[in-house]
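This chain uses plain numbering: 1 for the first residue, then up along the sequence. What you see is a predicted model; the values in this text were computed from it and never measured.
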Amino acid sequence: MDDAEFHRHADQALESLKRSLLQAEESADIEVEENAGALKIGFEEPPGTFVISPNAPVKQIWISALSTSFKLDWSDAAGDFVFAKTGEKMKALLSRLINQQLGQEAVTLT
């Protein structure tokens with residue numbers, strides 16, 4: 001995958017994720033911000049911040065959450081960025097991580 005293709009996939013995936021997260025703000029105690037191409041999800045209780053950002057040099061999307069770095073690669077088969085360790089697509093992974101942070105099943109990102 002060349003740089004232009006990565007940026008196209010990453011931009012589309014992050015824009016779709018942002019729309020889903022903004023909808024989730026209505027049902028969960030989260031605050032979503034966009035800054036310089038990265039998304040931040042803030043939590044009041046328990047306090048915390050997740051950061052989702054593209055990493056162009058390695059052609060991955062990185063998610064910093066729960067004191068861990070999750071590195072997602074593009075999968076043509078899935079048509080999405082996928083966390084290889086679990087096979088989860090980006091929105092499924094983030095749904096799980098947000099719910100883990102909140103301690104309840106409050107979010108299902110679609």
Side-chain angles (χ1 to χ4, degrees):
M1 166 176 6
D2 65 20
D3 287 344
E5 187 178 5
F6 168 76
H7 285 291
R8 189 175 67 253
H9 288 310
D11 291 347
Q12 289 171 351
L14 290 171
E15 184 60 33
S16 175
L17 177 62
K18 181 176 80 172
R19 285 192 304 270
S20 296
L21 287 168
L22 290 172
Q23 286 180 338
E25 278 184 325
E26 298 171 13
S27 62
D29 193 14
I30 63 173
E31 184 177 328
V32 179
E33 296 177 34
E34 184 177 18
N35 187 8
L39 295 173
K40 284 177 46 177
I41 307 168
F43 301 88
E44 285 192 26
E45 272 308 313
T49 303
F50 292 1
V51 179
I52 304 102
S53 58
N55 188 322
V58 292
K59 296 181 178 51
Q60 295 177 322
I61 289 183
W62 288 7
I63 300 172
S64 175
L66 304 174
S67 303
T68 304
S69 180
F70 300 86
K71 298 174 177 156
L72 288 73
D73 295 294
W74 177 256
S75 165
D76 283 328
D80 201 349
F81 285 88
V82 174
F83 183 49
K85 189 174 186 178
T86 62
E88 291 169 289
K89 293 180 181 181
M90 183 167 58
K91 287 182 182 180
L93 173 63
L94 265 168
S95 294
R96 177 172 64 83
L97 297 173
I98 290 168
N99 290 330
Q100 199 172 331
Q101 172 74 15
L102 294 172
Q104 60 182 330
E105 294 296 313
V107 172
T108 302
L109 301 175
T110 56

How close do [X] and [Y] get, heavy atom to heavy atom, and via which atoms?
| X | Y | result |
| --- | --- | --- |
| Gly37 | Pro54 | O-CD, 3.5 Å |
| Asn99 | Ala106 | OD1-N, 2.9 Å |
| Ser75 | Ala78 | OG-N, 3.0 Å |
| Gln60 | Lys71 | OE1-CB, 3.7 Å |

At what distance, to the nearest 0.5 angstrom, does [atom1] of [X] lie from [atom2] of [Y]?
| X | Y | atom1 | atom2 | result |
| --- | --- | --- | --- | --- |
| Glu45 | Asp29 | CD | CG | 8.5 Å |
| Leu17 | Ile52 | CG | CD1 | 5.5 Å |
| Asp73 | Asp80 | CG | CG | 12.0 Å |
| Gln100 | Glu105 | CD | CD | 10.0 Å |

Sorted by chain and number, sequence neighbours left out, side-chain hydrogen bond (donor to acceptor under 3.5 Å, both in side chains) with Ser64 holds for none
For Asp3, enumerate each residue passing the side-chain hydrogen bond (donor to acceptor under 3.5 Å, both in side chains) test, keeping only those at least two apart in sequence or located in another chain. Lys59
Do you reckon [X] sits in the same ILVMFWY cluster as [Y], going by side-chain contacts under 4.5 Å, direct or chained?
| X | Y | value |
| --- | --- | --- |
| Leu97 | Val82 | no |
| Leu72 | Trp74 | yes |
| Leu102 | Leu109 | yes |
| Ile61 | Val51 | no |

Can you name the one residue among Thr68, Leu39, Leu94 that meets side-chain contact (heavy atoms from CB on, under 4.5 Å) with Ile63? Leu94
Residue from Leu66, Thr108, Leu93, Ile30 passing side-chain contact (heavy atoms from CB on, under 4.5 Å) with Ile98: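 Of all the options given, the one that passes is Ile30.
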Spell out, as yes or no, whether a donor-acceptor pair under 3.5 Å connects the side chain of Thr49 to the backbone of Gly42. no
Return a table of donor-acceptor pairs under 3.5 angstrom between the side chains of residues 4-13 and protein atoms on other chains or two or more places apart.
none

Applying ring pair (Phe, Tyr, Trp, His ring centres under 6.0 Å), which residue pairs with at least one partner in [range] are found, sequence neighbours left out?
| range | answer |
| --- | --- |
| residues 82-110 | Phe70-Phe83 |
| residues 86-110 | none |
| residues 21-47 | Phe43-Phe50 |

Give a yes-or-no answer on whether the side chains of Lys91 and Ser16 include a donor-acceptor pair shorter than 3.5 Å. yes
Is the CG atom of Asp2 crowded by more than 12 outside heavy atoms at less than 6.0 Å?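 Counting neighbours around CG of Asp2, more than 12 heavy atoms of other residues, nucleotides or ligands fall under 6.0 Å, so yes.
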